Amino acid sequence: MDNQRNLLLAVLLSGLLILGWDFGMRYFYPAASITAPAEEVAATVTPASGGAAATGGDIGEGAVPEGPVALDTALDGQTRVIIDAPRVAGSINLVGARVDDIVLKDYRETVDKDSGPVRIFAPERTNGQHFAEFGFVVGGERMSSQAVWQADGERLTADNPVTLSRTDDAGITYKIRFAIDDQYMITADQTVENTSEGAAIIQPFAFIKRTSTTASPDQFIAHAGPIGVFGGTLRDPHAYHELAELGRWNPDGSASWLGFADNYWLSALAKGEGEADSAGFRSLDGDLFRADLIYDSATVAAGGTLTQSTQLFAGAKESEILDSYEDSGITYFGKAISWGWFEWFEKPILWLLRTLNNLVGNFGIAIILLTVVVRGLMFPIAQKGFASMAAMKAVQPKMKAIQERYKDDKQQQQQEIMKLYKEEKVNPLAGCLPMLIQIPIFFALYKVLILAIEMRHEPFISFWIKDLSAPDPATILNLFGLLPFEVTGFLGIGVLAILLGITMWLTFKLNPSAMDPVQQQVFNLMPWFLMFVMAPFAAGLLLYWVTSNLLTLAQQSYLYSKHPQLRAAVEKEKAEKALEKAREEKAEGA
């Protein structure tokens, strides 16, 4: 009765955990896309003031026109410079000198080939607003975000920079020269030419402003939110809701770069040679946030000039590209990807995964081959572990005899057992150490499959899995894709999740340790519990786990054939357990 009660309690707790997991994930990490569809709402614009007063280390919020605006309406105007680079398209808004229109040519919003490119930047007041602005604080007053600039060209390309300029009433000329490379980096050179009669106090600034409603969910394994390198250290401790509670966050140390990270995308400002008066993050009204890079003020004498350079990255978090910018001098830029402690091991795995994908032309098959390679490299360790378990099983009768003989003297019992280990040349930890070594390896594999943008929108079998970075679309409740609706959360049990449960159950059946009935029942339920938990995960991860389980089954079967004494000992122990249970039931029945 006690065993049945414990089993029932385990089932109930497992069910509550499944429901709690799904509720918690939906509550703390609500689903979000990179761009939300804009509503067709007429824009009501309030004329902006000429500028905003600024204090040391702060440029304020500035004047913001009222009312939402549709994306098409915001982009439909003649006051824009077209951006047409090899991997980036979009435009620069001449009102405010804002880079507020960036799409990535090499990435689609969805797996649908007609879905359009991924949008990184969108203008202010649109549903997915996310943009960068470059400007100046002059005599303590911030230049208006509604100021109109003039451009010396109509198109910014990798071979053709464009310079924006304007002159204020005092006769001071401001210029911003934009240049873009063949990847995702824009360089903005801000210049002041003081043609007035007196000196002027000038403070260049740049910021990135965005809404969190289109942000990726912040996860333990993959950070999304404010990020930067300050004082030579990567800083990314806060999610958006935490920054909203803080109000402002200015990390200690000199800034190298700062911005906002999504799972696959990054917008960041890299500081030039000038010293920064202030660099940090702030929460604005509602779901709006800003990363500020404000340079020290400088006195520009009449007839003098001032130039400040800043780099703006707006693109995909491709490891090789980020590393190349790091090599060019941007400190720890490659760490914008949440590698964590095992970066030294994760990057070689990603390299191998890309290499295998280039060889076979299918990312799903590359994952399978990667699993085979890793398990092959780990096979000698597993073999050593099984040999150790076999040796331990061989000395079990002698251990039981010692335990029975010295059951009233625990200290003497331990001494005799250690003496037995020494005589038989058995190391009880040898079977555990291989498992401990594998833990960081498998965790690194898991992170690579989560973080690798290379897996995004990559198919495995075209009629079934069209995106390995998304959950398995063929679920039981939609008859494996036959019915026209999606099932999300833990109820989205798909083919891969079912295979995961079956293969894990089979591996537990081959477990070399005999357990009491309650433990056995828990282990019998565990695979099906994990099947629910893992169902919402990316199909690429489930494909890896299923392949790993199949290789484990083959490996265990082979090693049992090499160590028949281990299989015999396990079967004998299980038979003894079954006999003992039968006797207990017979005694209870009598």
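Source: prediction; values computed, not measured. If you read the sequence from its start, that first residue is 1, and numbering goes on from there.
- Within a 6.0 Å sphere centred on CG of Asp285, heavy atoms belonging to other residues, nucleotides or ligands number 12 at most.
- With sequence neighbours left out, Glu326 forms a salt bridge (charged side-chain N to carboxylate O under 4.0 Å, His left out) with no residue at all.
- Side-chain rings of Phe333 and Phe313 approach one another, their centers coming within less than 6.0 Å.
- Between Glu416 and Arg405, no side-chain nitrogen of the basic residue sits less than 4.0 Å from a carboxylate oxygen of the acidic one, so the salt-bridge criterion is not met.
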Show your working on side chain to side chain donor-acceptor pair (under 3.5 Å) between Thr503 and Asn549 and close with a plain yes or no.
CA-CA 6 Å; Thr503 55; Asn549 287 343; 3.1 Å; yes
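- Panel note: side chain Thr547, backbone Leu543; a donor-acceptor pair is recorded below 3.5 Å.
- Annotation: side chain of Glu242 is not in contact with side chain of Trp249 (no heavy-atom distance under 4.5 Å).
- To the nearest 0.5 angstrom, Ile365 atom CD1 is 11.5 Å from Leu359 atom CG.
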Going through the checks in order, is the side chain to side chain donor-acceptor pair (under 3.5 Å) test met by Ser267 and His130?
CA-CA 9 Å; Ser267 59; His130 189 175; 2.9 Å; yes
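- For the atom pair Trp339 CH2 and Glu346 CD, the distance stands at 6.0 Å (nearest 0.5 Å).
- Closest approach of Arg108 and Ser115 over heavy atoms only: CB-OG, 3.6 Å.
- Looking at residues two or more places apart in sequence or on another chain, you find no side-chain hydrogen bond (donor to acceptor under 3.5 Å, both in side chains) involving Lys317.
- Between Arg210 and Asp262 there is a salt bridge, since a side-chain N of the basic residue sits under 4.0 Å from a carboxylate O of the acidic one.
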What verdict does the ring-ring contact (aromatic ring centres under 6.0 Å, His included) test give for Phe289 and Tyr240, after you've listed the backbone C-alpha separation in whole Å, the side-chain angles of each residue and the deciding distance to 0.1 Å?
CA-CA 8 Å; Phe289 300 87; Tyr240 288 106; 5.1 Å; yes
As a quick check of understanding, evaluate side-chain contact (heavy atoms from CB on, under 4.5 Å) for Leu451 and Asn263, giving each step before the final call.
CA-CA 7 Å; Leu451 299 173; Asn263 189 44; 4.2 Å; yes
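- Between Leu266 atom CG and Ile321 atom CD1 the span is 13.0 Å, to the nearest 0.5 Å.
- For the atom pair CD (Gln555) and OG1 (Thr507), the distance works out to 11.5 Å, reported to the nearest 0.5 Å.
- The shortest distance between side-chain heavy atoms of Leu104 and Trp265 falls below 4.5 Å.
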Arg375 vs Thr552, test: side-chain contact (heavy atoms from CB on, under 4.5 Å). Steps then yes/no.
CA-CA 8 Å; Arg375 294 307 296 264; Thr552 298; 2.9 Å; yes
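- Looking at Lys335 and Asp236, no side-chain N of the basic residue comes within less than 4.0 Å of a carboxylate O on the acidic one, giving no salt bridge.
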Test log, rule side-chain contact (heavy atoms from CB on, under 4.5 Å), inputs Ile120 and Val103:
CA-CA 6 Å; Ile120 298 293; Val103 296; over 6 Å; no
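- Heavy atoms only, all atoms of each residue included: Leu496 and Val546 are closest at O-CG2, 3.6 Å.
- Put simply, the side chain of Leu420 reaches to within 4.5 Å of the side chain of Ile402, judged on heavy atoms.
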Ser283/Arg248 under side-chain contact (heavy atoms from CB on, under 4.5 Å): CA gap, chis, key distance, verdict
CA-CA 6 Å; Ser283 173; Arg248 292 192 184 187; over 6 Å; no
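- The residues Glu454 and Arg354 are annotated as salt-bridged, a charged nitrogen and a carboxylate oxygen being separated by less than 4.0 angstrom.
- Distance check: Asp323 CG to Ile337 CD1 gives 7.0 Å after rounding to the nearest 0.5 Å.
- With rounding to the nearest 0.5 Å, the separation of CE in Met504 from CH2 in Trp545 is 8.0 Å.
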For the pair Tyr184 and Glu318, evaluate side chain to side chain donor-acceptor pair (under 3.5 Å) and give the outcome as yes or no after the intermediate values.
CA-CA 10 Å; Tyr184 306 114; Glu318 300 174 15; 2.8 Å; yes
Salt bridge (charged side-chain N to carboxylate O under 4.0 Å, His left out) assessment of Glu404 paired with Lys400
CA-CA 6 Å; Glu404 184 65 27; Lys400 288 183 179 180; over 6 Å; no
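- For the 3.5 Å distance criterion, the side chains of Thr110 and Asp112 fail to qualify, holding no donor opposite an acceptor.
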